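A short write-up of the structure that comes next.
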Amino acid sequence: MIKIKVKGLDKVLLEIDKWQKETERVLDNAVLESAVYTKDEAVKNISRKYPEGAVDTGILKSSLSYQKDPIRPHVYRVGAIGRNADIANRYAKAVEVGRRPGTMPPVGDSPQEGLWRWVMRHSWYNPASVKRGGNPSAFQLSRNKEKRIKQAKSIAFLIARKIKEKGTKPRPYLIPAYNKGVVYLIQKMDNTLT
């Protein structure tokens, strides 16, 4: 029986372990930078002017963030994250991929919900309160509060019916950001490993 003893093997294994840990740290940093880049691209995409962009109240835009996955190492999530994520996710998909014809979006049970709320926000009843840089808003409503609320509900219903008939166009903001983020990550890893 032949026995072979390698001197210094412990040092070699220790160096390999150090190299592995350093490589993991550098690659995790590259993934983090890619997540930040992807989030910034998504914010830039959603902030474009209408009709490409989709900022109304700013909730979706402000909820775009990144987060380290608590279970999987070296994985970061990018999307609607944080305090207003549940509100933002209600319409994030409709913004990203549009809405197919066939079903009506919710009009709302009160002026604080659904399309009814949207119409109330985008309407005007006092010429002194004209919005959008001196241009009148889309809908002029009555000065009387009860009539104004009733008119807004009617307009919201008509908009919902039109969406049911025609759908809405997609305004992708996250998928293009992911695609750019993947390219950014590949370039970052290529630069890091060479």
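Just so it is clear, the values below take in all heavy atoms, side chains as well, and ignore hydrogens, waters and symmetry mates. Fair warning: this is a prediction, and the values are worked out from it, not measured in the lab.
- We find that D109 and K153 are not joined by a salt bridge, their nearest charged nitrogen and carboxylate oxygen being 4.0 Å or further apart.
- Residue I186 shares its hydrophobic cluster (ILVMFWY side chains chained together at separations under 4.5 Å) with V182.
- Between D40 and K44 there is no salt bridge, since no side-chain nitrogen of the basic residue lies less than 4.0 Å from a carboxylate oxygen of the acidic one.
- Residues satisfying the side chain to side chain donor-acceptor pair (under 3.5 Å) test with N29, not counting sequence neighbours, are E33.
- Not counting sequence neighbours, the partners of K18 by the salt bridge (Lys or Arg N to Asp or Glu O under 4.0 Å) test are E15.
- Take R83 and apply the salt bridge (Lys or Arg N to Asp or Glu O under 4.0 Å) test, not counting sequence neighbours, and it matches no residue.
- Among residue pairs with one or both ends in residues 170-194, those qualifying as ring pair (Phe, Tyr, Trp, His ring centres under 6.0 Å) are Y37-Y184; sequence neighbours excluded.
- With rounding to the nearest 0.5 Å, the separation of OG in S34 from CG in L185 is 4.5 Å.
- With sequence neighbours excluded, the residues forming a side chain to side chain contact (heavy atoms under 4.5 Å, CB included) with K61 are V43, I46, S47, V55, listed by chain and number.
- With sequence neighbours left out, the side chain to side chain donor-acceptor pair (under 3.5 Å) criterion links E146 to no other residue.
- Listed by chain and residue number, E41 satisfy the side chain to side chain donor-acceptor pair (under 3.5 Å) test with K180 (two or more places apart in sequence, or in another chain).
- With sequence neighbours left out, D69 forms a side chain to side chain donor-acceptor pair (under 3.5 Å) with R72, R77.
- In this view, K164 and M104 satisfy the side chain to side chain contact (heavy atoms under 4.5 Å, CB included) rule, not counting sequence neighbours.
- Residues satisfying the salt bridge (Lys or Arg N to Asp or Glu O under 4.0 Å) test with D56, not counting sequence neighbours, are R121.
- In this structure K147 satisfies the side chain to side chain contact (heavy atoms under 4.5 Å, CB included) test together with S142, N144, sequence neighbours excluded.
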